[in-house]
Amino acid sequence: RHKMVTDAVHSVRIPSGPMGSSTSTTEPARICMQILHTGRYAIHPFAVSASATKSPISPFPAKELSLAGIQSTIADFVRCATLAKRAGYDGVEIMGSEGYLINQFLVRKTNKRTDEYGGPDFANRMRFAVDIVRQTRAAVG
């Protein structure tokens, strides 16, 4: 179904080149997909996060992702990017802001872990985001 959308976007021609130029050139429109995981913002009893915390916008407390769960979630981001590329998207934006799951790993308030994905060392708390980006780049360029 996404291919129908990306094909429609690519069929639109966008003027390019210097403004006011007499030469008329065009290029296809582009489209990117935003990829995110809500983490503790999920409004269902299976919400997960960096640590067992509760979001003020969900009635359900999130459960801490296990190390296996972290690896599985990283693989999910990579799979989503791979599927987006196959569907014709020109790129993906991996959302790590707005308090979503990636951000929940970065911030001490929501990351109480003591393993390689947490603690006082910011490099550890960044590891989840870095692993997602590295593995996604390896898979889709």
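- Formation of a donor-acceptor pair under 3.5 Å by the Ser11 side chain with backbone atoms of Ala8 is found in this model.
- For the side chain to side chain donor-acceptor pair (under 3.5 Å) with Ser49, the qualifying choice from Gln104, Arg40, Lys54, Glu64 is Gln104, the only one to do so.
- Between Asn111 and Tyr117 the shortest heavy-atom distance is ND2-O, 2.8 Å.
- Counted within 6.0 Å of CZ on Arg79, heavy atoms from surrounding residues, nucleotides or ligands total 12 or fewer; the atom is thus considered open.
- Pairing each heavy atom of Cys32 with each of Asp90, the nearest pair is SG-C, 4.4 Å.
- Looking at Arg127 and Asp131, no side-chain N of the basic residue comes within less than 4.0 Å of a carboxylate O on the acidic one, giving no salt bridge.
- Under 3.5 Å, the side chains of Asp76 and His37 contain no donor-acceptor pair of N or O atoms.
- Heavy atoms only, all atoms of each residue included: Ala29 and Val9 are closest at CB-O, 3.3 Å.
- In the displayed structure, Arg13 atom CZ is contacted under 6.0 Å by more than 12 heavy atoms of other residues, nucleotides or ligands.
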Sequence neighbours excluded and cut-off under 3.5 Å, please list the side-chain donor-acceptor pairs for residues 81-89, or say none.
unit_1	atom_1	unit_2	atom_2	d
Thr82	OG1	Val78	O	2.9
Lys85	NZ	Val140	O	3.0
Tyr89	OH	His2	ND1	2.6

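- One distance of note links CZ of Arg137 with CZ of Arg134; it measures 11.5 Å at 0.5 Å rounding.
- Partner Phe105 forms a side-chain contact (heavy atoms from CB on, under 4.5 Å) with one of Ile132, Thr110, Ile70 and no other, that one being Ile70.
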I'd like a table of donor-acceptor pairs (distance under 3.5 Å, sequence neighbours excluded) in which one partner is a side-chain atom from residues 92-99, with atom names and distances.
unit_1	atom_1	unit_2	atom_2	d
Glu93	OE1	Gln34	NE2	2.9

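- Among all heavy-atom pairs drawn from Pro45 and Lys63, the shortest one is O-NZ, 3.3 Å.
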Worked verdict on Arg30 versus His10 for side-chain contact (heavy atoms from CB on, under 4.5 Å)
CA-CA 6 Å; Arg30 301 287 181 218; His10 292 144; 4.2 Å; yes
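- The aromatic rings of Phe128 and Phe77 stand perpendicular to each other, their planes meeting at an angle above 60°, with 30° marking the opposite boundary.
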